[in-house]
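Okay, so here's the structure we're looking at.
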Amino acid sequence: MLELRDIVVRYGHNQGAVTAVDEVSLTVAAGSVVGLVGESGSGKSTLARAAVGLAPLTSGTILWKGAGLDPRGRPPLQYVFQDPYASLNPRMSVGASIAEGLPRASGRQERPARVTELLEMVRLDPGDVHKRPRQLSGGQRQRVAIARALAAEPEVLIADEITSALDVSVQGAVLNLLKEIQTRTGVGILFISHNLAVVRYIADSIAVMKSGRLVEHGTTEDVIERSAHPYTKQLLEAVPTMTMGNGRS
Amino acid sequence: MSWSRTRHHLSSPLGVVTVALLLLLVATAVVAPLLLGDRATEIAGGALQAGPSAAHPFGTDALGRDVLTRTLVATRLSLVLALLVVGIGVACGLIIGTVPVVLGRRAGRAVVAVLNLMVAFPGLLLALFLAMIFGVGARGAVLSMAIAFAPSFARLTHTTASGVANADYVSAARLLRVPRWRILIRHVIPNISEPLVINATSQVGAALLSISALSYIGFGVQPPQYDWGRMLADGLPAIYTNPAAALAPSIMIVVAGLAFVLAGELLTQVLGGSQHGHLRLPSLRSQRRDMAPAETPPPGEEVLRIERLTVTVPGETAPFSPVVDVSMRLRRGEIVGLVGESGSGKSLTAMAVAQLTSYPNVAEADVHQIKGNELRRMRPRDRERLLGTSLAMVFQDPMSSLNPTLKVGRQLAEVAETHERLGRRDAWRRAVDRLSAVLITDPQARAKQYPMAFSGGMRQRASIAMGLMAQPALIVADEPTTALDVTVQKEVLGLLRRISRESDAAVLMISHDIAVVAENASRVLVMYAGRVVEELPVSGLAEAAHPYTRALIASIPDMSTDRSRPLANIPGRPPHASDLPPGCAFAPRCGRADDRCRQARPELADSGGGGAVACWHPLLPVLESEA
Ligand SMILES: Nc1ncnc2c1ncn2[C@@H]1O[C@H](COP(=O)(O)OP(=O)(O)O)[C@@H](O)[C@H]1O
Ligand code: SF4
Ligand SMILES: [Mg+2]
């Protein structure tokens, strides 16, 4: 399991310094889905990026199963980015992108079969293997990005606003897929979103961040039904609902 | 880069000229030395430095050799040297420029510092200095020019490469522990190759000029070898007796240089995907004239009326219309939502409503009235004034309407100064007043700040305030809160609602999120593949008649969604506007589709529930089953 302890990420120097993440501790247990919510700029992505080494740690420790992460070995964490239009190399075919995630030890002959398997897992047509990203829709691209991350057989997947760049009509399909894969493979997920309704649907527990700090953390039920922090309540109230026409009354 | 587009560019005048010139040059370089090599060194006794004649169109040189023949034969050496310069320069530049990506941050910084220093040093001076070190001769000239050229190319490589190196897909590759050299070869270089190829191509012309210059001053090619620069040097002393001897190589240098510059330009168009070039649009107007607009007189209540709006864009090969026959009417104080998936034509509609459609796109409508005034019949000046004072536009990205280099208050004041001729002081006072109207705290101080000092939500409020500087009768808000957080979104939407209520302005609220619209609007237009497929009051959303509207609503998770069941979603994806199916555009994704749907397109018709729907088999409220 992934343990983030007292993580601090500070950008800039002296007066101009901004503390993006301020002493946050968070654990993602094997097989669990942890939701991380908060407004943009609250430090969600920075925390997640720090966990995989894409943001510099000012202080704090990242523990994997109680020990430090080995920078060389097979990485137990993978990251799915928000914008599927930026996270796939436009020059690489779908198959090549996914194959890049496969462990290097896997034999040459097995690779195409594994890629097909992964494409099927994310509900893409294996015939799409030679397509370029620009031939795919946003939702399909995001599936490729998920398949690439899964190819590395991670034990924890970090999903950073992965449906924010997608239409609501497609969002459902991607969320269903993630949930299904989670049940099937038991991968742990750190699911980041500013949409509480989405997080509520997918996560077992929810952590709420505001201005770089963790203000609330509990099971999904507790946070939604009995939120303790005023900011969480504010987030809950801001979720648009389909109770129609109340704005015009 | 599709083949059809490439062919399209190659067949343009620029393409034809460039390709012809290049072919001619290459053919000359290959063939001339083989066929004319002997003749070029043949000394035609007697006629030294003769002027043009039938046998020697450009005369002869100091040894009586034919200038034209020699000029043609020299093509090969001149081009080869120029290509060598660029080839070696590019190779060095590529290596130096990508080193920082491979070595990491610290080594990268050192390389960049050295590069900046070298680029600052004049290239030709450096080349001359190096030529002295390498000694005279073609090899020295090529090496020194290549080394002089490398730094600027290296810097270009570095700048483009560092942009790519920060891309998410490179981060993803790093997380997958892809080795650095592999990242360079598979991710970085392929994605920077286009600008580099374009740059290198146009540099061939410059290299040709520089090498000729070196040969001309005696540093480059040495006799008995000769290139154009050398010939120019040989021809110049006799410039008064036979100017043609210097003219021939000069013409070739200019023509060849031009060919490569044009080739660079052509490559930019082919690779860079320039949308311009020649555009052929079918005239919709001619087909339209026979259709008389419906002639109900505009009631004073009506702020916007647009009938059968169609927007046509050039497209890669043929023009197509991403917006077709969209009609809408907005009354005072009314908030109307326009929803649909991305690419359904919402933004193009918004731009057309505000008359902001810009070349090469074309918007046409049978009726386009603002406050009862038909825009198409107004003089441009009056139209500008009417739009400027009665219509406000709010974009998804507030920075597209805010100028980062001007203080917020100044920008707002300018609106009133230009449209209403208000004095500076009064305009400023109104700016502060409007900033406070959009609930910006301490508006006096904030007005003196630049947009960058504002948070995202504040910028959006400031851009709304800018729209409020005049008293708009219509506010068109295109995804005004998509870039904002839920909490800020709620504030901004509340603000728009309040403005509409207090100033009686109509709001066209565009969003891909039907929940946002449901909370704020009274009426909704649902767009699919460029057409309005349903129009209904918000209170009727739950019983929407169009299968697409229903599916859209069902796919939004809310706080009561059953967590144990899969979320609803719409399979497949919307068709591209340039490639619509013949019948109902939603048919490939619709559970109710039958042959009729696939063959004929349903028109918008009264749905019975106070709205209109374009569907052969609309869902009826009575048929709705909860099971
Ligand atoms: N400048 C343009 N040139 C060519 N096609 C365009 C242009 N702008 C938009 N389109 C196309 O028009 C369609 C509708 O786009 P848009 O109005 O931006 O949709 P929305 O706002 O609903 O997301 C899309 O298929 C898009 O590719
Ligand atoms: S016309 Fe047919 S395909 Fe189109 S929405 Fe209605 S039922 Fe579906
Ligand atoms: Mg849009």
Counting only non-hydrogen atoms closer than 4.5 Å, does [X] touch chain B with its backbone (N, CA, C, O), its side chain (CB onward), both, or neither?
X       : value
Q234(A) : both
N89(A)  : both
L177(A) : neither
E100(A) : both
S164(A) : neither

Pick one of side chain, backbone, both or neither for [X], based on which atoms fall under 4.5 Å of a heavy atom in chain A.
X       : value
R186(B) : both
A568(B) : backbone
S560(B) : backbone

Can you confirm whether more than 12 heavy atoms, excluding those of [X], are under 6.0 Å from its [atom1] atom?
X       : atom1 : result
R177(B) : CZ    : yes
R565(B) : CZ    : no
Q135(A) : CD    : yes

Compare all side-chain heavy atoms of Y169(B) with those of S97(A) and state whether any distance is below 4.5 angstrom.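 Not in contact.
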Could you check which of [options] has the highest count of heavy-atom pairs closer than 4.5 Å to chain A?
options                            : result
P571(B), A167(B), P557(B), P566(B) : P566(B)
H512(B), K490(B), H187(B)          : H187(B)
V517(B), D513(B), N191(B), I570(B) : N191(B)

With the threshold set at 4.0 Å, does a side-chain nitrogen-carboxylate oxygen contact exist between E194(B) and R91(A)?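 Between R91(A) and E194(B) there is a salt bridge, with a charged N closer than 4.0 Å to a carboxylate O.
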Tell me every residue that passes ring pair (Phe, Tyr, Trp, His ring centres under 6.0 Å) with Y528(B), counting only those two or more places apart in sequence or in another chain.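 Residues passing ring pair (Phe, Tyr, Trp, His ring centres under 6.0 Å) with Y528(B): Y548(B), F586(B).
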How close do L567(B) and Y201(A) get, counting heavy atoms only, and between which atoms?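 Smallest heavy-atom distance, with atoms named: N-OH, 3.3 Å.
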Atom of M559(B), atom of L236(A) and distance for their closest heavy-atom approach: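 Looking at all heavy atoms of both residues, the closest pair is CE-CD2, 3.3 Å.
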Side chains of Q489(B) and H194(A), donor plus acceptor under 3.5 Å: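 Not at all, the side chains of Q489(B) and H194(A) share no donor-acceptor pair under 3.5 Å.
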Options [options], ranked by heavy-atom pairs under 4.5 Å with chain B, top entry:
options                          : answer
P75(A), G139(A), G138(A)         : P75(A)
G38(A), S42(A), G101(A), A151(A) : G101(A)
V170(A), T220(A), V174(A)        : T220(A)

Of the options I556(B), L552(B), N569(B), which is the one that meets S169(A) in a side chain to side chain contact (heavy atoms under 4.5 Å, CB included)?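 Single pass found, and it is L552(B).
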N/O donor-acceptor pairs under 3.5 Å from side chains in residues 142-149 of chain A, not counting sequence neighbours:
unit_1	atom_1	unit_2	atom_2	d
Q142(A)	NE2	F81(A)	O	3.2
Q142(A)	NE2	Q82(A)	O	3.3
Q142(A)	NE2	I162(A)	O	3.0
R143(A)	NH1	V122(A)	O	3.2
R148(A)	NH1	S87(A)	O	3.0
R148(A)	NH2	S87(A)	O	2.9

For a side-chain contact (heavy atoms from CB on, under 4.5 Å) check, start with the C-alpha distance between L54(A) and L175(B), then their side-chain angles and the critical distance, and finish with the verdict. CA-CA 8 Å; L54(A) 288 177; L175(B) 290 180; 3.8 Å; yes
